[in-house]
Amino acid sequence: MKLTTTLMTLTLIAAPVAMAGENSWEKEAKDAWIDGKAETTLLLNTNLNSFDINTDVKDGEVTLTGKVESEVDKSLAGELIESLDGVTKVHNKLAVINSDSPSKVVQTLTDSKVVAVVKTRLLIESEVTGSNIDVDAKQGVVTLEGEVATDAERDLAIAIAKNTADVTKVVDKLEIVEKS
């Protein structure tokens, strides 16, 4: 009886220890599986350079470290990993190396606004054939290209562009074409 009681006591003590070891191994295997899926997902995405992104997984939580070129890339990497089965949380610690990215976006939006304003003003002005003038803007420099009927029409188109907010310079590529 004493031997049976001792064996049962040892079994009760050893069983949880054995199960805990098994759970640890299963967690590590699951984390390795998630890590492989995460790295594959980043590798297959053509918008990201997966060689600059590191993944570490612990208990289903993925930590992203490394570098990306923009905030969009950082968000993309996080969203891709967050959508994977088994991932419970993403710690996105990616560094954005292109620090002037927001200013580029603002400049692009400003240039787009300038093009729209200049083009609209040229179309509204009855003394200018705005439909024959192409407008482009890069970093506040507006380029006017196309055909006008007279020097006065050219001067008016240039003045309209120069008097638009956020325009720093106007490049005149307008051609005078007399109509017969």
Side-chain angles (χ1 to χ4, degrees), residues 1-121 123 134-143 161 164-169 171:
M1 177 86 173
K2 215 174 191 187
L3 182 61
T4 306
T5 307
T6 305
L7 286 174
M8 286 180 67
T9 305
L10 284 173
T11 304
L12 289 172
I13 292 171
V17 172
M19 289 174 70
E22 189 174 289
N23 284 341
S24 175
W25 177 84
E26 287 177 356
K27 283 182 182 179
E28 287 177 16
K30 186 175 181 183
D31 286 346
W33 177 71
I34 291 170
D35 195 32
K37 282 194 334 180
E39 289 186 10
T40 301
T41 299
L42 295 171
L43 180 67
L44 294 176
N45 187 288
T46 58
N47 296 311
L48 298 171
N49 183 353
S50 63
F51 299 109
D52 291 337
I53 301 174
N54 302 311
T55 59
D56 293 308
V57 183
K58 183 165 176 147
D59 298 329
E61 294 187 14
V62 180
T63 302
L64 298 174
T65 56
K67 59 185 178 180
V68 290
E69 292 190 20
S70 69
E71 288 293 333
V72 171
D73 290 347
K74 180 177 180 176
S75 295
L76 174 62
E79 290 293 327
L80 288 171
I81 302 307
E82 194 169 12
S83 69
L84 296 176
D85 286 339
V87 174
T88 58
K89 189 172 187 177
V90 175
H91 303 281
N92 195 339
K93 296 181 179 180
L94 291 169
V96 177
I97 58 171
N98 190 358
S99 62
D100 63 353
S101 181
S103 65
K104 283 184 178 180
V105 171
V106 170
Q107 186 61 56
T108 300
L109 291 173
T110 301
D111 287 342
S112 296
K113 177 198 74 152
V114 165
V115 168
V117 170
V118 171
K119 189 67 175 171
T120 302
R121 290 179 66 198
L123 290 170
D134 291 321
V135 180
D136 187 36
K138 285 192 173 98
Q139 298 181 340
V141 177
V142 172
T143 302
T164 301
D166 298 316
V167 173
T168 57
K169 180 181 176 183
V171 176

### Message
Can you give me the closest heavy-atom contact between Ser50 and Leu43, atom names plus distance?
### Response
OG-CD1, 3.3 Å
### Query
Do the side chains of Val141 and Thr168 get nearer than 4.5 Å, heavy atoms only?
yes
### Message
Per the side chain to side chain donor-acceptor pair (under 3.5 Å) rule, what does the pair list look like for residues 72-97, sequence neighbours excluded?
### Response
Glu61-His91
### Query
What distance separates Thr108 OG1 from Gln139 CD, expressed to the nearest 0.5 Å?
9.0 Å
### Message
For the NZ atom on Lys37, are there more than 12 heavy atoms of other groups (residues, nucleotides or ligands in this structure) within a distance under 6.0 Å?
### Response
yes
### Task
Output all residues satisfying salt bridge (Lys or Arg N to Asp or Glu O under 4.0 Å) with Asp166, sequence neighbours left out; order by chain, then residue number.
Lys113
### Query
So how far is it from Leu94 CG to Asp52 CG, rounded to the nearest 0.5 Å?
10.0 Å
### Presence of salt bridge, Lys58 and Asp56, under 4.0 angstrom
no
### Query
Any side-chain heavy atom of Thr164 within less than 4.5 Å of one from Val142?
no
### Query
Minimum heavy-atom separation for Asp136 to Lys138, with atom names?
OD2-NZ, 3.5 Å
### Query
Any side-chain heavy atom of Leu64 within less than 4.5 Å of one from Thr55?
yes
## Note on the structure
When every non-hydrogen atom of Glu71 is compared with those of Val96, the smallest separation belongs to OE2-CG2, 3.3 Å
### Query
For the residue pair Ala77 and Ile53, what are the closest heavy atoms and their distance?
CB-CD1, 4.3 Å
### Task
Grab the two heavy atoms, one from Asp31 and one from Asp59, that are nearest each other, plus how far apart they are.
OD2-N, 2.8 Å
### Message
When you compare the side chain of Leu80 with that of Leu48, does any pair of heavy atoms fall below 4.5 Å?
### Response
yes
### Summary
When every non-hydrogen atom of Asn45 is compared with those of Asn47, the smallest separation belongs to OD1-N, 2.8 Å
### Query
Just wondering, do Asp134 and Thr143 contact through their side chains at under 4.5 Å, heavy atoms?
no
